[in-house]
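Beneath this line is the structure, given in structure tokens, with notes to follow.
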Amino acid sequence: MNILDDFIQINPNGIYCKYGDFYLDPQQPVKTAVISHAHADHAISGNKDVYCTQATREFMHLRYHRSAAQVFNIAGYNQPFMIKDVKLTFVSAGHMLGSAMVLMEYQGSSYLYTGDYKLQPDATCEPIEWVNADVLITESTFADPNIIHPDPIEEIKKLNGIKSNILLGAYGLGKSQRLVRMINDHSPQKKVLIHHRIMPINQIYERAGFTLGKHQLYGRKLMKAQEEFVYIVPPFTFNSYIKATGVKRLFASGWKNLQVNREDTLFISDHADWNDILEAIKEVNPKQVWTLHGNGTHLKAYLNNKIFVKLLN
């Protein structure tokens, strides 16, 4: 086994694997892109050849239309494919519908790029799967021992104590669908209304076999009555309704900069927290950990040379 220190490198276009001449979730359009999931900070338009899951392709088409990619190469979970001399396999990441970790095998060594992932149960996407790898390349968005995500079910149950109509801000892709399902499961007396920008995303989920539960398109007349409506809107709409009357404004996020305060925030995250990252290391059993998308210094100090940790950014 020979772990290549330069197997992936960061350049202005993003995360580059020179041994296969491809990028992982590039930040600028490139010739060959392997895309872990459809959130806009990982899936941009304008790439030539894109490798991704079927759901990721559908979301990219919805957002970018004809500029989504020149050619889509679709692979299911656990179905290996080759890019040049590198063998790649998508493994379910549990982050959102169609999200994938990317297992890369080359010259007898294996490298697992997590993309974004979560361990919390979520009825609106495939659960996370684990594979062993020599190198775990993990996102470290919340790689801080002070960040432990609360129970999402307890968070959603906060809605039960609010009798007025609710304006609930959330990212349209992934988070909103999870919220619809959770409200149906844990606050069934609420009536869920959906912003028109979010509804086509919901339809992709339903077509993929993920039932979200009762919801309907928002209509202005509906919310004039106080009938425990929860109107789910994307962030730009939430911010434009700053002076809305007759509603309780809440935002659902795991990000500190989006959390208003404990009364006005549902702390529901779609990322791994500190304990989840430690669990990932245990499950993958790597010889090295490389960190991306966040601060890896806490992890490096915690592992204290028991496992070699490299900070990629």
Side-chain angles (χ1 to χ4, degrees), residues 37-43 59 62-64 95-97 116 118 120 122 124-125 141-142 147 149-205 212-271:
H37 67 285
H39 282 146
D41 56 334
H42 291 257
F59 294 132
L62 180 65
R63 181 186 291 126
Y64 299 129
H95 176 62
M96 60 165 284
L97 179 59
D116 292 342
K118 77 168 181 292
Q120 289 181 350
D122 181 350
T124 62
C125 71
T141 309
F142 297 119
I147 300 177
H149 298 323
D151 179 355
I153 294 172
E154 292 308 309
E155 289 297 299
I156 209 76
K157 283 180 176 176
K158 288 179 182 177
L159 301 182
N160 292 329
I162 302 168
K163 299 307 174 190
S164 67
N165 291 344
I166 296 167
L167 183 72
L168 180 55
Y171 284 122
L173 175 56
K175 182 81 76 190
S176 291
Q177 293 72 39
R178 189 181 179 195
L179 291 170
V180 175
R181 180 72 264 172
M182 291 180 74
I183 292 167
N184 272 280
D185 288 345
H186 304 289
S187 303
Q189 77 282 10
K190 300 293 184 187
K191 297 176 182 173
V192 181
L193 302 177
I194 299 294
H195 188 270
H196 68 92
R197 290 274 184 93
I198 296 173
M199 194 60 99
I201 301 171
N202 289 13
Q203 289 164 354
I204 292 174
Y205 271 73
L212 303 181
K214 286 194 278 186
H215 61 281
Q216 60 179 306
L217 193 63
Y218 166 78
R220 191 171 291 177
K221 288 180 182 174
L222 286 170
M223 273 185 73
K224 289 189 173 168
Q226 287 290 343
E227 293 184 25
E228 295 204 44
F229 286 113
V230 180
Y231 178 25
I232 299 177
V233 300
F236 67 89
T237 305
F238 182 79
N239 293 333
S240 71
Y241 281 175
I242 195 114
K243 294 180 180 174
T245 56
V247 295
K248 172 74 172 174
R249 295 172 83 252
L250 296 168
F251 200 87
S253 178
W255 294 89
K256 273 212 168 92
N257 63 322
L258 294 177
Q259 294 167 356
V260 190
N261 54 53
R262 291 215 166 268
E263 292 72 47
D264 297 330
T265 304
L266 298 184
F267 294 82
I268 297 176
S269 176
D270 294 317
H271 289 261

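Note that the numbering runs from 1 along the sequence shown for the chain. Just so it is clear, the structure is predicted and the values come from calculations on it, not from any experiment.
- Counting only distance, with no hydrogens or angles, the side chain of Glu155 and the backbone of Phe267 share a donor-acceptor pair below 3.5 Å.
- Of the options Ile166, Val230, Asn165, a side-chain contact (heavy atoms from CB on, under 4.5 Å) to Val247 is made by Asn165 and by none of the others.
- Taking each heavy atom of His215 and Gly213 in turn, the nearest pair found is ND1-O, 2.8 Å.
- Remark: Ile268 CD1 to Met182 CE distance equals 4.5 Å, nearest 0.5 Å.
- Taking 4.5 Å as the limit, some side-chain heavy atom of Gln216 sits within range of a side-chain heavy atom of Leu222.
- You'll find the side chain of Glu228 reaches within 4.5 Å of the side chain of Lys163, heavy atoms only.
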| For Gln177 and Ile198, what are the C-alpha separation, side-chain angles and deciding distance, and is it a side-chain contact (heavy atoms from CB on, under 4.5 Å)? | CA-CA 9 Å; Gln177 293 72 39; Ile198 296 173; 3.6 Å; yes

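- Side-chain atoms of His42 and Asp116 include a donor-acceptor pair closer than 3.5 Å.
- The aromatic rings of Phe59 and Tyr205 are tilted relative to each other, their planes meeting at an angle between 30° and 60°.
- Using the six-membered ring where Trp is involved, Phe251 and Tyr171 have ring planes that are perpendicular, over 60° apart on the 30 and 60° scheme.
- Separation of atoms CZ (Arg178) and CG (Asp122) is listed at 4.5 Å; rounding is to 0.5 Å.
- The backbone N or O of Phe238 sits less than 3.5 Å from a side-chain atom of Arg249, completing a donor-acceptor pair.
- We find the CG-CD1 distance between Asn184 and Ile156 to be 10.5 Å, quoted to the nearest 0.5 Å.
- When all heavy atoms of Leu167 and Tyr241 are compared, the closest pair comes out as CD2-CB, 3.5 Å.
- Here CD of Gln189 is found 8.5 Å from CG of Leu159. Values are rounded to the nearest 0.5 Å.
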| task | Step by step, work out the side-chain contact (heavy atoms from CB on, under 4.5 Å) result for Lys248 and Leu168. | result | CA-CA 8 Å; Lys248 172 74 172 174; Leu168 180 55; over 6 Å; no

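- Closest of all the heavy-atom pairs between Lys157 and Ser187 is CA-OG, 4.5 Å.
- The shortest heavy-atom contact between Ile201 and Gly172 is CD1-O, 3.7 Å.
- In this structure, Ala43 and Tyr64 approach most closely via the heavy-atom pair O-OH, 2.6 Å.
- Atom CE of Met96 is separated from atom CG of Leu173 by 3.5 Å, given to the nearest 0.5 angstrom.
- Across all their heavy atoms, Ser253 and Thr265 have their closest contact at O-CG2, 4.4 Å.
- The line from CG of Leu217 to CE of Met199 is 4.5 Å long, rounded to the nearest 0.5 Å.
- The residue from His37, His95, His149 that alone fulfils the ring-ring contact (aromatic ring centres under 6.0 Å, His included) condition with His271 is His95.
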| Can Tyr218 and His195 be said to form a side-chain contact (heavy atoms from CB on, under 4.5 Å), step by step? | CA-CA 6 Å; Tyr218 166 78; His195 188 270; 5.9 Å; no

